[in-house]
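Structure first, then comments.
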Number of protein chains: 2
Amino acid sequence: MEHLQGHVGKVAVTVDLVVLTVRDEALCALVVRRGIEPFRGAWALPGGFVLEDEGLEEAAARELAEETGLRPGSVHVEQLATYGSPGRDPRARVVTVAYLALAPDLPVPAAGSDAADAQWCPVDDLLAGDGLAFDHAEILRDGVERARSKLEYSPLGAAFCAEEFTVAELRRVYEIVWGARLDPRNFHRKVTKTEAFLEPTGATTTRDGGRPAQLFRRGSAEHLHPPLLRRTT
Amino acid sequence: MEHLQGHVGKVAVTVDLVVLTVRDEALCALVVRRGIEPFRGAWALPGGFVLEDEGLEEAAARELAEETGLRPGSVHVEQLATYGSPGRDPRARVVTVAYLALAPDLPVPAAGSDAADAQWCPVDDLLAGDGLAFDHAEILRDGVERARSKLEYSPLGAAFCAEEFTVAELRRVYEIVWGARLDPRNFHRKVTKTEAFLEPTGATTTRDGGRPAQLFRRGSAEHLHPPLLRRTT
DNA sequence: ATTATTAGCGTCAGAATGACGATAAGGCGT
DNA sequence: ACGCCTTATCGTCATTCTGACGCTAATAAT
């Protein structure tokens, strides 16, 4: 950190977004089709350059809005990690700061912007093949793993749900993100007994069929104590 | 991610290191005295520019070696977070990728390099005052919080210990990093009963006084199941 | 009304944890 | 050699948390 003269290479800095949602019984990520080389025609994570005088978080929020047109309040965004291998972009040295966003099932990506077409795609499909541009498969993998951990230690599973949701809807989120079945009764006990995890709205719904279920909002808790761990194996 | 032309500002990228160790009953961080403006004379986290054709992790490892002269094997290094507020460096736009390193109590920083003098300083002192350059107080705070969490969910407390250590030495690490007292008997039960947390060496030592204690090495576990949580409050 | 379906409560056994007693095995002073 | 101090390590017991699973409640469809 001693000299700022030009003998050190300046590099381009981008933000890339791992935007996850739960749709059609699958954990899905937002991907855009690349219109130019390299990786023309391949899927890529949405993202773009950090502008001058723009903070990283700010850039991520801007890209997210451009790409999805969602109201900022309803989406959880956090920094994921930074990727800067010299060869990750064949054109030039590019360091990218990846952000993880957890969103409820949104209408449809509002596209409209640069990216030809943006769409939700199951992460299992994206990670199974080799179709993602650059090192985006690695970034996506890290994002998915982070999301899985978040469900254990934080109440952020609710970020995948609508503003108001039932315990069963929240449980489906857990089951789909973790890829494991959970006992409905034990899950119900855990989330309702954990302080500040859920906040009852007083209303009920029958949209899941059967007996009416209470509707909840996200509680004020930041962390889960104790956590809700997957697999005791 | 569509055009790489020059209409986007290129920025300088640095790595900064939060190197933590446990010394003299306190959690300490490695800091260097700044020799030039801005913040001349203030303490700063060690760090430096990422060279061309150098990966981020690689740059962090290089800086760590330059600053401490330690054998790479004995130190745990992981990416912490990236900081890039437009105003964080008054001279120019600088994005820094912070790394967290957990080290055993090393002889003394080998200084020798650029940084005038490097030394260990208790994090409580560093965070109490306002003496850290740039946004390094925020970075350090994040690093300390990450370290505290790591102790809960991973066996990395051992990264603060020598190659071979006793249960009591490991417990002291927890107590100092968390700033809380732990019951020696319950701690002993937890760490010895958790699969692959510790690997017995067969040897014993009396360096802590009293009855000889078994020596252990870090086990192969990556995570703790179930975790070792602080405060049940 | 009957049935299907989901919500939500209750029970019980096993695991994990916190509090803490008791014993083991060294060093040390006398 | 002997007792004492210190720390290591094991054990007990009550409490809490979890997994497995039975049972009743409340609605929609028939």
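Chain letters run A, B, ... following the sequence lines, proteins first and then strands; every chain starts at 1. Atoms considered below: every heavy atom in the structure, side chains included; atoms not considered: hydrogens, waters and symmetry mates.
What separates NZ of Lys193(B) from C1' of dA8(D) is a distance of 14 Å, to the nearest Å. For Arg171(A) and dG19(D), the CZ to C1' distance is 15 Å, given to the nearest whole Å. As a whole-Å value, the separation of Arg189(B) CZ from dA8(D) P is 17 Å. Spacing between atom NE2 of His225(A) and atom P of dT16(D) amounts to 18 Å, rounded to whole angstrom units.
The pair Glu195(B)-Lys190(B) does not meet the salt-bridge criterion, since no charged nitrogen lies less than 4.0 angstrom from a carboxylate oxygen.
In this structure, a donor-acceptor pair under 3.5 Å is present between the side chains of Glu78(B) and His76(B).
Heavy atoms only, all atoms of each residue included: Arg88(B) and Ile139(B) are closest at NH2-CD1, 4.3 Å.
Residue His188(B) places at least one side-chain N or O under 4.0 Å from the OP1 or OP2 atom of dT9(D). Between Gln214(A) and dA7(C), a side-chain N or O to OP1/OP2 separation shorter than 4.0 Å is absent.
Residue-level contact check: Asp183(A) touches the bases, meaning some heavy atom is under 4.0 Å from a base atom. Across all strands shown, Asn186(B) has heavy atoms under 4.0 Å from base atoms, whether or not it also approaches the sugar-phosphate. Among the atoms of the strands shown, only primed sugar atoms or phosphate atoms (P, OP1, OP2) are found under 4.0 Å from some heavy atom of Lys190(B).
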Under 4.0 Å protein heavy-atom contacts per nucleotide of nucleotides 23-30 of chain D, with B for base, S for backbone only and - for none: --BBB---
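The cationic group of Arg148(B) does not satisfy the cation-pi geometry with Trp178(B), failing either the under 6.0 Å distance to the six-membered ring centre or the 45° limit from the ring axis.
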